[in-house]
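For reference, the structure discussed in these notes is given below.
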Amino acid sequence: MAIKKIKLLGVPVDVCPPQDFEKTIMDLLEKEGSKQIVFLSVWDLLKARRKNSYAECVRNADLVIPVSKSIISGAKFLKKDVPYRWNPFETVINIMTVLETHYKSIYLLGGRKKTLMAAEKNVRNTFGNLQIVGRYVGYYPKSVEHDVISAIYKASPSLVLMSAGVRERDCWFYNHRENFDHSIFLYFNDVVDIFSERKKHVSKSVFEKGNEIWGEIMRNPLKTFLIFPFIWYRLLLVWYRLFVKE
């Protein structure tokens, strides 16, 4: 793959330029076994520094894509190769465009029934050459999880796009990875809601300015308290620059 992996505060982050993106996705598809793409925010990065299943998931992911402006500035501050910052929804669109160009397939997992059906319809209308080989709602009981896994395995899609209602989020695939042998797995919480037009995606101008957090705070004022882990992140950057060589 035409990408380079760096470590930021001990967490792997991939440097994947836009011009190499299609080749990166196709190389992933050709790679043996099941694969995972992870969207990494600065909050996720702090979580991935601990000893937990999410940290293992990130360290074993095939492609870790930074989505926070703070990750980019952190890499610059530590004088590392600077990764490209990807807008999650636009990245999903880019991946699906690549798959459609090569007549690949997708499986949709997550969301409520009505929302998922609307999302599937819009995906079909937008990506005519992208085959949808299955779908399953989120928030399903634990008792049917084996059936979900079996359905995905049998459908053997190029991409499993996971959304709200999938237990364990990114870790769902990692915890069940031995049950799959082909697909790329990607979790993005809002994707089914956005495809169904229940929710708007972050605009390009807002994302480029790094102001998407303000929209999240408007929806959930408790996220104001994220200022404290953000301060911790900045202190860690200073510590690593002064005392730690990665």
Side-chain angles (χ1 to χ4, degrees), residues 1-3 14 16-31 34-39 61-65 67 84-138 140 148-149 151-166 169-170 172-173 180-208 212:
M1 271 183 270
I3 58 174
D14 286 301
C16 179
Q19 62 270 22
D20 294 329
F21 191 71
E22 180 172 1
K23 182 179 186 305
T24 299
I25 297 303
M26 294 310 297
D27 284 351
L28 268 184
L29 278 175
E30 292 172 7
K31 183 179 176 182
S34 52
K35 288 79 60 171
Q36 183 172 26
I37 299 173
V38 171
F39 288 141
D62 298 88
L63 188 62
V64 179
I65 297 179
V67 299
Y84 182 81
R85 179 178 175 235
W86 294 86
N87 181 317
F89 184 67
E90 289 185 2
T91 304
V92 170
I93 295 297
N94 288 341
I95 293 172
M96 292 171 70
T97 300
V98 170
L99 297 179
E100 182 191 29
T101 301
H102 295 272
Y103 300 93
K104 300 298 183 179
S105 59
I106 186 173
Y107 191 106
L108 300 173
L109 176 61
R112 301 291 184 182
K113 183 176 180 180
K114 188 176 180 180
T115 305
L116 181 60
M117 297 301 288
E120 180 183 359
K121 180 181 177 182
N122 289 334
V123 169
R124 288 187 188 279
N125 291 338
T126 306
F127 301 92
N129 293 323
L130 181 62
Q131 185 181 6
I132 300 177
V133 294
R135 85 289 305 154
Y136 206 95
V137 296
Y140 54 80
V148 175
I149 292 170
I152 295 173
Y153 177 81
K154 290 176 182 177
S156 191
S158 304
L159 173 69
V160 179
L161 189 56
M162 302 181 291
S163 185
V166 176
R169 302 163 73 95
D170 287 290
W172 185 87
F173 161 73
F180 306 105
D181 61 6
H182 172 68
S183 309
I184 297 173
F185 287 75
L186 171 61
Y187 178 87
F188 175 32
N189 188 75
D190 296 335
V191 71
V192 166
D193 284 340
I194 295 173
F195 276 137
S196 68
E197 300 179 348
R198 284 191 68 253
K199 183 179 289 187
K200 291 184 177 180
H201 63 87
V202 176
S203 70
K204 186 175 182 179
S205 60
V206 169
F207 183 79
E208 287 179 348
E212 64 273 16

Do the non-hydrogen side-chain atoms of [X] and [Y] ever get within less than 4.5 Å of each other?
{"X": "Ile37", "Y": "Ile95", "result": "yes"}
{"X": "Ile149", "Y": "Trp172", "result": "yes"}
{"X": "Val191", "Y": "Leu161", "result": "yes"}
{"X": "Ser163", "Y": "Tyr187", "result": "no"}

> Hey, is OH on Tyr140 packed in by over 12 heavy atoms from elsewhere, all under 6.0 Å?
Replying inline: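 Check passes, neighbour count above 12.
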> More than 12 heavy atoms of other residues, nucleotides or ligands under 6.0 Å from CE of Met26: is that the case?
Replying inline: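 More than 12 heavy atoms, drawn from other residues, nucleotides or ligands, come within 6.0 Å of this atom.
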Taking NZ, NE, NH1 and NH2 as the nitrogens, is one of them in [X] or [Y] under 4.0 Å from a carboxylate oxygen of the other?
{"X": "Glu120", "Y": "Arg124", "result": "yes"}
{"X": "Asp27", "Y": "Lys23", "result": "yes"}
{"X": "Arg85", "Y": "Glu90", "result": "no"}
{"X": "Asp193", "Y": "Arg198", "result": "yes"}

So which atom in [X] and which in [Y] form the shortest heavy-atom distance, rounded to 0.1 Å?
{"X": "Ala151", "Y": "Tyr107", "value": "CB-OH, 3.8 Å"}
{"X": "Asp190", "Y": "Lys199", "value": "OD1-NZ, 3.1 Å"}
{"X": "Leu116", "Y": "Gly110", "value": "CD1-O, 3.5 Å"}
{"X": "Val133", "Y": "Ser105", "value": "CG1-CB, 3.7 Å"}
{"X": "Lys35", "Y": "Asp62", "value": "CA-OD1, 3.2 Å"}
{"X": "Leu109", "Y": "Val137", "value": "CD1-O, 4.2 Å"}

Any donor-acceptor pair under 3.5 Å from [X] side chain to [Y] backbone:
{"X": "Thr115", "Y": "Gly111", "answer": "no"}
{"X": "Gln131", "Y": "Ile106", "answer": "no"}
{"X": "Asn129", "Y": "Glu100", "answer": "no"}
{"X": "Ser183", "Y": "Ser34", "answer": "no"}

Could you give the distance from [atom1] ([X]) to [atom2] ([Y]), rounded to the nearest 0.5 Å?
{"X": "Asn122", "Y": "Ile194", "atom1": "CG", "atom2": "CD1", "value": "12.5 Å"}
{"X": "Asn87", "Y": "Ile93", "atom1": "CG", "atom2": "CD1", "value": "10.0 Å"}
{"X": "Asn189", "Y": "Asp170", "atom1": "CG", "atom2": "CG", "value": "10.0 Å"}
{"X": "Ile152", "Y": "His182", "atom1": "CD1", "atom2": "NE2", "value": "12.5 Å"}
{"X": "Leu159", "Y": "Leu29", "atom1": "CG", "atom2": "CG", "value": "8.5 Å"}
{"X": "Met96", "Y": "Thr101", "atom1": "CE", "atom2": "OG1", "value": "12.0 Å"}

> With sequence neighbours left out, what residues match His201 under ring pair (Phe, Tyr, Trp, His ring centres under 6.0 Å)?
Replying inline: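 Listed in chain order: Phe89.
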> Is there a side-chain contact (heavy atoms from CB on, under 4.5 Å) between Phe188 and Phe39 once you walk through the steps?
Replying inline: CA-CA 8 Å; Phe188 175 32; Phe39 288 141; 4.0 Å; yes
> Please walk me through it: do Asp14 and Ile65 pass side-chain contact (heavy atoms from CB on, under 4.5 Å)?
Replying inline: CA-CA 6 Å; Asp14 286 301; Ile65 297 179; 6.0 Å; no
>> Does Val98 form a side-chain contact (heavy atoms from CB on, under 4.5 Å) with Asn94? I'd like the steps, not just the answer.
In response: CA-CA 6 Å; Val98 170; Asn94 288 341; 5.6 Å; no
>> Please tell me whether Phe180 and Phe185 form a close aromatic pair, meaning their ring centres lie under 6.0 Å apart.
In response: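 Here the rings of Phe185 and Phe180 have centres that are less than 6.0 Å from each other.
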> What orientation do Phe127 and Phe195 show, parallel under 30°, tilted 30 to 60°, or perpendicular over 60°?
Replying inline: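 Perpendicular: the ring planes of Phe127 and Phe195 meet at over 60°.
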>> Show, in sequence, the C-alpha distance, side-chain angles and deciding distance for Val160 and Leu186, and conclude whether the side-chain contact (heavy atoms from CB on, under 4.5 Å) test is met.
In response: CA-CA 6 Å; Val160 179; Leu186 171 61; over 6 Å; no
